[in-house]
Peer 1: 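A single structure is presented below for examination.
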Amino acid sequence: MEDMNLIVAPSPHLRDSDTTEKIMFSVLISLLPVIGASFYFFGWDAVRLILLSSATAIITEYAFQYIRKIPIQIGDGSALLTGVLLALCVPPSLPSWMVIIGSAFAIGIGKQVFGGLGHNPFNPALVGRAFLTASFAAAMTTWTAPFDAVTTATPLVLGAARSSLPDLFFGSVAGSLGETSALAILIGGIYLFYKGVLDHRITVGVLGTVVIMALLTGQDPIFHLLAGSVLFGAVFMATDMVTSPITKGGRWIFGMGIGLIIMLIRIWGSYPDGVTFAILLMNAVTPLLNRWTRPRIYGQGVKVSE
Amino acid sequence: MRRVKSSFGGFFPNDAKKRTAQTPIEILKAPETLVVSLSQHAGKQAKPVVAKGDEVLKGQLIAEADGAISAPIHSPVSGTIKAIEPRIHPSGDSIPAIVIENDGEEKWIELEQHLEPVQLDASTIREKIRDAGVVGMGGGGFPTALKLEPPEGITIDFLIINGCECEPYLTADDRIMIEYAKEIILGARLMAKASGARQIVFAIEDNKPEAINAIKAEAGALDVVVLPSKYPMGGERQLIQAITGREVPSGGLPYDAGVIVNNVGTAYAVAKAVRDGQPFISRVITVSGDPLVESKNFFAPIGTPFQYLIESAGGFKETPGKIVAGGPMMGSAQFDLDSSMGKTCTGLLALAKGESATPNVLPCIKCARCVDVCPANLLPLKLEAFGMNEMWNEAYDYGALDCIECGSCNYVCPSKRPLLQYIRFAKREIIAEQAKSS
Ligand code: SF4
Ligand code: SF4
């Protein structure tokens, strides 16, 4: 046998075919219905915001990696995903330069300063959104009605009595680009769950707690699920792997904590929605949750034979 | 027959077993030269009792057990001792081996047979198993006779006969159950008698229906349990948990849970040793992989060179990327084909170039798939980070020593991180540290 140039490496010698890139792209695919709905309801504004936000995210990621002289990894899809997610949670009328700043902030401050992919404690898209909300409060709360771009109030401001549930479900209401259509979000969520990318504990934890809190405080639970960012947040934002707990118990608590904080803010707080801050707050306690919910190791705490 | 579920994460490997699951075991003609390593078992190397130039018979003792944990070795053929010298071991180390030239005459030593072996008393059975050099064939290589002698004061409630061959590719256990069920049942009864075990349980994964039927047909009233074909179902600790609901205490042995686990191949070897008086000189090995012309199950003499096994499978039709001794999850990659088969060698695999390529590593995205899959309930991503940053106390605290090195975490990681490598590193450091301080 001539020299076969065999590869010698430690076991295991087999690898699953799923990759981090594929995970990122399956989240992007799951967002297609939402992107479609945003275009349907808000027209070219959707295209403008999504393209600008994604392009900025990728360029910012590239710039940071170039300056830090580390391998360029924009191909992993994570920056693109952050860009798209940010665009989908801003108002359709947001000026172009604002979304560009927001997206650059999301990648630069939300992700790269912590060391890039996998190292950021907070969901970068939500860091971008929070930054925009804090800096440009007026533009970030100017909502336009679907189809005709007339300034109007969101269902959360109008209240349950003056909103139509079918409109909320299909998305024909004022709101952030990608957050109005519950149907589109659900389709994406089911796809992600089926792909093994979405952890149901987080999503169910958020939604279940919102429903229970609504019932306890005598409000309409369906309205609270469908209005504002709850569904989008529970499906696409809270489930971000990097910033949510790694233990099953931790994920339940994480989801329930988000649901609880959303409802506290909605009922007693000064913001009408509160999803962004609820998720960012729970991102902050994720390391603690991981520590508190460490699973019992096989064989530990077991007594030696009877 | 009953079915049980498993309580650990694990994963369902894609089915590489198909290549050889239907291939009957072929008795391999012994090669001209055999290289019989002195280290084919857990514990100390055996001590040669022959010298260069000696004539030996098939089954003759050529190396004796050295110390309490060791096992004797017998000549797999009749012939002449050509050398006793260091040779490449499947682990990659250079270890003394006895090189035998086969005279092709298959002249056996005189064998002492017992037609009613179950009538023998426990210590006689153990003695015969010990003298035949039987060791655990699932990979560990622990001397079987020792395993069957539980420490004072411990009663064995279950003897589990492990037919959960969970490593992808391997079908040696599957085939031996199908073709030699009778011997396996006898071996199980003998081991139960030798160890005083109260109950025998056969554990077989549900992807081996033929083996389940074969064992059931011979098992009579013995318990046959069917388990999900999940990796690492055949792990001793996982099997004990699934079947008895008990856990082996951290740092303990199966005894501590009142259980002994033995592989089906070992049961076969025990039957041959006690009933037929035959020492352990051959075993079933799966030789498989896409680069091979044919994939096969062989009954091959110990000491058969890997090169000969590959040639017996028709050789390569394409250049392989990797050669693995053992299963693809826990086996060891070979530099070349210069090593030879030992008592614990379950398989010899040729992996295609594409399958062997070292993947591109990305940062951990905290997807927790490694956490979900870990049968020991560890947080592999944390252990990897502790290992990488040389944080030994934290690694210990997070249970590094409880890792069974199954490689599941590495397998599932979408970022292709070398988790197990760093966990092994941490384990080694912790054990070295403990040895120093004690
Ligand atoms: S190799 Fe160790 S840490 Fe990884 S899954 Fe197996 S037991 Fe868990
Ligand atoms: S499977 Fe890999 S990427 Fe996922 S948490 Fe574990 S180490 Fe990180």
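All values below were derived from every heavy atom in this structure, side-chain atoms included, with hydrogens, water molecules and symmetry-related copies excluded. What you see is a predicted model, and the numbers here were worked out from it, not measured in a lab.
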Peer 1: Heavy-atom distance under 4.5 Å to chain A: side chain of B:Phe11, backbone, both or neither?
Peer 2: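 Neither part; nothing is under 4.5 Å.
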Peer 1: For B:Ile365, which atoms come within 4.5 Å of any heavy atom of chain A: side chain, backbone, both, or neither?
Peer 2: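 Both parts, heavy atoms under 4.5 Å.
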Peer 1: Taking every non-hydrogen pair under 4.5 Å, which of A:Lys22, A:Glu21, A:His119, A:Met241 racks up the most with chain B?
Peer 2: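 Highest number of heavy-atom pairs under 4.5 Å: A:Met241.
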Peer 1: Got a sec, which residues hit side-chain hydrogen bond (donor to acceptor under 3.5 Å, both in side chains) with A:Asp199, two or more places apart in sequence or on another chain?
Peer 2: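 side-chain hydrogen bond (donor to acceptor under 3.5 Å, both in side chains) list for A:Asp199, sorted by chain: A:Arg201, A:Arg251.
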Peer 1: Given heavy-atom pairs under 4.5 angstrom as the criterion, report whether the side chain, backbone, both or neither of A:Ile23 touches chain B.
Peer 2: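 For A:Ile23, the side chain is the part near chain B, not the backbone.
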Peer 1: Check each atom of B:Glu405 against the heavy atoms of chain A and say whether the ones under 4.5 Å are side chain, backbone, both or neither.
Peer 2: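 Looking at B:Glu405, nothing touches chain A.
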Peer 1: Report the distance from atom CD1 of B:Ile430 to atom CZ of B:Phe425, rounding to the nearest 0.5 Å.
Peer 2: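 Answer for the CD1-CZ pair, B:Ile430 versus B:Phe425, is 11.0 Å.
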Peer 1: Return each pair, listed once, that meets side-chain hydrogen bond (donor to acceptor under 3.5 Å, both in side chains) where at least one residue sits in residues 356-367 of chain B; pairs must be two or more places apart or across chains.
Peer 2: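 Output for this query is empty, none listed.
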Peer 1: Between A:Thr247 and B:Leu379, is there a side-chain heavy-atom distance shorter than 4.5 Å?
Peer 2: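 Yes. Closest side-chain heavy atoms under 4.5 Å.
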Peer 1: Could you tell me which portion of B:Val248 (side chain, backbone, both or neither) has an atom closer than 4.5 angstrom to a non-hydrogen atom of chain A?
Peer 2: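 Looking at B:Val248, backbone and side chain both touch chain A.
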Peer 1: Under a 4.5 Å heavy-atom cutoff, which of A:Pro12, A:Pro71, A:Ser78 has the most pairs with chain B?
Peer 2: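 Sorted descending by pairs with chain B, the first entry is A:Pro12.
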Peer 1: Measure distances from B:Asp402 to the heavy atoms of chain A and classify the residue's part below 4.5 Å as side chain, backbone, both or neither.
Peer 2: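 For B:Asp402, the contact with chain A is made by the side chain alone.
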Peer 1: Please classify the contact of B:Pro13 with chain A as side chain, backbone, both or neither, using a heavy-atom distance under 4.5 Å.
Peer 2: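 Looking at B:Pro13, nothing touches chain A.
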Peer 1: Side chain, backbone, both or neither: which part of B:Arg369 has a heavy atom under 4.5 Å from chain A?
Peer 2: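 When you check distances to chain A, only side chain atoms of B:Arg369 fall under 4.5 Å.
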Peer 1: Identify which part of B:Leu381 has an atom lying under 4.5 Å from any heavy atom of chain A, answering side chain, backbone, both or neither.
Peer 2: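 Answer is side chain: those atoms of B:Leu381 sit under 4.5 Å from chain A.
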Peer 1: Taking the side chain from A:Ser53 and the backbone from A:Gly83, do they hold a donor-acceptor pair closer than 3.5 Å?
Peer 2: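 Such a contact is found between A:Ser53 side chain and A:Gly83 backbone.
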Peer 1: Relative to the ring of A:His200, is the ring of A:Trp252 parallel (under 30°), tilted (30 to 60°) or perpendicular (over 60°)?
Peer 2: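 The rings of A:Trp252 and A:His200 stand perpendicular, inter-plane angle above 60°.
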Peer 1: State which residues pass side-chain hydrogen bond (donor to acceptor under 3.5 Å, both in side chains) with A:Thr20; sequence neighbours excluded, sorted by chain then number.
Peer 2: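 A:Thr20 satisfies side-chain hydrogen bond (donor to acceptor under 3.5 Å, both in side chains) with B:Ser415 once adjacent residues are dropped.
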Peer 1: With a 4.5 Å heavy-atom cut-off (strictly below), which parts of residues 108-118 of chain A touch chain B? List them by number.
Peer 2: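 Contacts with chain B: A:Leu117, A:Gly118.
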Peer 1: When only pairs under 4.5 Å are counted, which of B:Pro363, B:Gly92, B:Gly321 shares the most heavy-atom pairs with chain A?
Peer 2: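 The option with the most such pairs is B:Gly321.
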Peer 1: So which residue, B:Asn410, B:Val324, B:Leu420, ends up with the most heavy-atom pairs under 4.5 Å with chain A?
Peer 2: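 Answer, by heavy-atom pair count under 4.5 Å with chain A: B:Asn410.
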Peer 1: Of the backbone (N, CA, C, O) and the side chain (C-beta and beyond), which part of B:Ala357 lies under 4.5 Å from a heavy atom of chain A, both, or neither?
Peer 2: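 The backbone, not the side chain.
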Peer 1: What part of B:Cys364 is in contact with chain A, defined as an atom under 4.5 angstrom from a non-hydrogen atom: side chain, backbone, both or neither?
Peer 2: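 Contact with chain A involves the backbone of B:Cys364 alone.
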Peer 1: What part of B:Glu355 lies closer than 4.5 angstrom to a heavy atom of chain A: side chain, backbone, both or neither?
Peer 2: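 Both backbone and side chain.
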Peer 1: Tell me, side chain or backbone of B:Asp336 under 4.5 Å from chain A's heavy atoms, or both, or neither?
Peer 2: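 Looking at B:Asp336, just its backbone touches chain A.
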Peer 1: What part of B:Ile323 is in contact with chain A, defined as an atom under 4.5 angstrom from a non-hydrogen atom: side chain, backbone, both or neither?
Peer 2: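 For B:Ile323, heavy atoms of backbone and side chain both lie under 4.5 Å from chain A.
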Peer 1: Angle between ring planes, A:Tyr66 versus A:Tyr62, binned at 30° and 60°: parallel, tilted or perpendicular?
Peer 2: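 Taking A:Tyr62 first and then A:Tyr66, their aromatic rings lie parallel (interplane angle under 30°).
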Peer 1: Looking only at atom types and distance, does a side-chain atom of A:Arg129 sit under 3.5 Å from a main-chain N or O of A:Thr276, one as donor and one as acceptor?
Peer 2: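 Here the side-chain-to-backbone pair does not exist.
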